[in-house]
Structure formats: C-alpha cells, structure tokens
Amino acid sequence: MSIVVTGATGHLGRLIVESLLRRGVPAGEIVALGRDTGRLAALAARGVATRRADYADPESLRAAFAGAEKLMFVSGSEVGRREAQHRNVVAAAREAGVGLVVYTSIANADRSGMILAGEHLTTEREITAAGLPYVILRNGWYLENYTGQLPTYLEHGVTGAAGDGRVSAATRADLAEAAAAVLTGGGETNRVYELGGEAFTLTELAEKLSRQTGRAVGYTDLPQEKFAEVLAGAGVPEGFAAVLADSDRGLSRGELHVEGDDLAKLIGRRPTTLEEALRAAL
C-alpha cells in the first residue's frame, strides 16, 4: 500500500504526513510530494519516500502517482491558476488508477459565492466525473489565519469586512488529523465532509483576545472594497487582497459557517477552540 501526499512542503501537507506517521502508517508506505524535494529531506531521513511533483507539470504528476493506492490531494496555492493545475492532478490520478482521492476543498463549496469556492467546486466536479473513488474534505478557515496576525491585532485592532458573520475555523493540525483519519479508513468513500470548529464572529475574536491579554482590542468592520485597500496598503498583493476581502464578505453571508460535527467525529474529540489557539499563540 502507498499513500501519496501532495503539497508535503506546505503547512497542511506536512502535518498530514506527520498525522499518518502518528497513526502507525509505516514511513515506507508514505510518499511525500513537492516541487522542491530538498525541502522534504527531513521526512526522507525518517524513511518517507519523496518525489518531485508540480501541478503545472503533468509528466511529473504521472511519475509521482505511479503505484499509488490512495492520493491525498492538497489543493494548490496559486489562486487563479488552480483549475488548470488541478485538472492535471485529476488526469494523472485517473491514469494511475488511484483507488481513493481525498481532496481538500473549502467549506460550503456548493453554495458559496466566494471567488475561492469556484475553483474548488470545479475540482470537486472533475474528480467525481473522472469516476475516481473520492472523499471531499471541505475545510473551513484555518485558526492560524487569525492567530498569525496577533501582533497586528494588538497594535491596531481587528479589521475586516465580515460583519456579524460566524466563521467555523479550525487548526491546521485538526484538519490534518481528519485527513489522516480518512486515509487510514476512518471515513466513508464517495462522501463530502464539511469540516470546521467552534464558530465565532470577528467581534468575538477581538473580545476574546482582549480578555486573554488585558489589552483593549476592537473590531472595525469595513466595506469590502475599503478592506481590500487596507490589505493592499499593508503589503498584500492587490489581486490577493481582493480575494481576501471577497472571502470576508462571504464570511459575512455565512459561507464559512459549518453546520454539524464532521470534524469532531473524524478526529474523535472536540476540535481546538479559538480560546485555546489564542492561548497557545500568545
């Protein structure tokens, strides 16, 4: 048996490999992929097989997927180019006769108007149209999207365009654990899982941060276009700033709020809460 994990040089892909190892999957049965195999050296030293793979290079994908029983398809990071890149991945997986494709999508992809959701929904449909056995993991927002900005929040407050929308964010580690559970037989084939943690508003984020630090932190809600300008002014590339502002507007419409407890069921415990994540990051 071999489990091939794409994007293993990234945060989520690396955590999925680590979760598989903790679950007792032999290192020799895991194949970690990345564009730069040098960044996989630490995994290779532990016995994990490593191969080069680039979503824009179909030949590299065909070689990397050879012999794969299961494919952990971590979505690409190049917004605007992912539909074509993901199409290459699906074609290579079909050609390799992969027995299961597990894909990381976005929460509520089938009902979301967010820019990011469109690319994911296209990929979901291509996987099912290819006739490949699949599990779709519709991941909610990462808690790290917020905990990674704590110095800015403490200095300037929380700013966004999310209104009173609730976001069901979860840690990358919890989402990686859910993926590993599915890859090791803990999920149902040909099923979509909506994955998220305890929901909160950005006003509640500011309030919880204030309580934990003893410093007054507020939330400033802006129109989508103004928030994009703020992000661009802070150094975010203009096109990506527009995508992030669009995502915040989607949050305001409830498109990042996950119903149900799929994540808790897959990992066998309550997901990490915002309070816990803030405490660990401070």
Side-chain angles (χ1 to χ4, degrees), residues 1-8 10 12-13 15-17 19-33 48-49 51 53 55 58-76 82-111 117-140 174-196 258 260-268:
M1 181 183 77
S2 65
I3 299 174
V4 173
V5 181
T6 73
L12 183 61
L15 287 169
I16 291 171
V17 173
S19 293
L20 290 170
L21 291 169
R22 283 197 304 273
R23 285 176 171 266
V25 178
E29 295 181 4
I30 302 171
V31 182
L33 307 183
V48 175
R51 297 175 185 168
Y55 291 170
E59 184 56 40
S60 75
L61 296 170
R62 284 191 287 270
F65 294 173
E69 180 181 339
K70 298 178 181 179
L71 172 64
M72 180 66 242
F73 178 7
V74 178
S75 57
R82 291 190 292 188
E83 287 189 6
Q85 292 176 347
H86 289 182
R87 193 172 300 118
N88 291 337
V89 175
V90 174
R94 184 177 60 245
E95 184 175 326
V98 171
L100 178 69
V101 175
V102 181
Y103 174 65
T104 60
S105 186
I106 193 171
N108 305 306
D110 58 341
R111 67 174 184 82
E119 293 178 326
H120 285 293
L121 186 59
T122 295
T123 302
E124 288 186 15
R125 289 171 172 167
E126 290 185 349
I127 290 170
T128 57
L132 294 162
Y134 67 88
V135 175
I136 304 297
L137 301 177
R138 288 182 175 164
N139 290 346
D174 283 352
L175 295 169
E177 192 174 336
V182 168
L183 289 163
T184 54
E188 299 176 22
T189 303
N190 296 341
R191 164 149 181 200
V192 174
Y193 289 93
E194 298 280 356
L195 303 182
V258 174
D261 58 354
D262 283 351
L263 180 56
K265 288 178 178 176
L266 285 175
I267 67 178

Hey, does Asn88 have a side-chain heavy atom less than 4.5 Å from the side chain of Tyr55?
-> no
Min side-chain heavy-atom separation Leu12-Asn139 under 4.5 Å |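 When only atoms from C-beta onward are counted, Asn139 and Leu12 do touch, with a gap below 4.5 Å.
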Would you compute the distance between atom [atom1] of [X] and atom [atom2] of [Y] and round it to the nearest 0.5 angstrom?
{"X": "Asp261", "Y": "Leu266", "atom1": "CG", "atom2": "CG", "result": "9.5 Å"}
{"X": "Asp174", "Y": "Leu15", "atom1": "CG", "atom2": "CG", "result": "10.0 Å"}
{"X": "Lys265", "Y": "Leu263", "atom1": "NZ", "atom2": "CG", "result": "12.0 Å"}

Arg125 versus Thr128, side-chain donor and acceptor atoms under 3.5 Å = no
Has the side chain of Glu194 got a donor or acceptor atom that lies under 3.5 Å from a matching backbone atom of Asn108?
-> yes
Asn190 side-chain N/O to Tyr134 backbone N/O, donor-acceptor pair under 3.5 Å =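 Yes.
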Over all atoms of both residues, closest heavy-atom pair of [X] and [Y]:
{"X": "Val5", "Y": "Gly13", "result": "CG1-O, 3.9 Å"}
{"X": "Ala178", "Y": "Ile267", "result": "N-CG2, 3.6 Å"}
{"X": "Leu71", "Y": "Phe65", "result": "CD1-CE2, 3.7 Å"}
{"X": "Glu119", "Y": "Arg82", "result": "OE1-NE, 2.8 Å"}
{"X": "Val258", "Y": "Gly196", "result": "CG1-N, 4.0 Å"}
{"X": "Ala64", "Y": "Ala53", "result": "CB-CB, 4.0 Å"}

Residues 89-104 side chain polar contacts: donor-acceptor under 3.5 Å, at least two apart:
unit_1 : atom_1 : unit_2 : atom_2 : d
Tyr103 : OH     : His86  : ND1    : 3.4
Tyr103 : OH     : His120 : ND1    : 2.8
Thr104 : OG1    : Ser75  : N      : 2.9
Thr104 : OG1    : Ser75  : OG     : 3.4

Across all chains, not counting sequence neighbours, the salt bridge (charged side-chain N to carboxylate O under 4.0 Å, His left out) partners of Arg62 are Glu59
Can I get a per-line list of side-chain donor-acceptor pairs under 3.5 Å for residues 180-187, giving both atom names and the distance, sequence neighbours left out?
unit_1 : atom_1 : unit_2 : atom_2 : d
Thr184 : OG1    : Ala180 : O      : 2.7
Thr184 : OG1    : Ala181 : O      : 3.3

Hey, mind stepping through Asp110 and Arg138 against salt bridge (charged side-chain N to carboxylate O under 4.0 Å, His left out) and telling me if it holds?
-> CA-CA 10 Å; Asp110 58 341; Arg138 288 182 175 164; 3.1 Å; yes
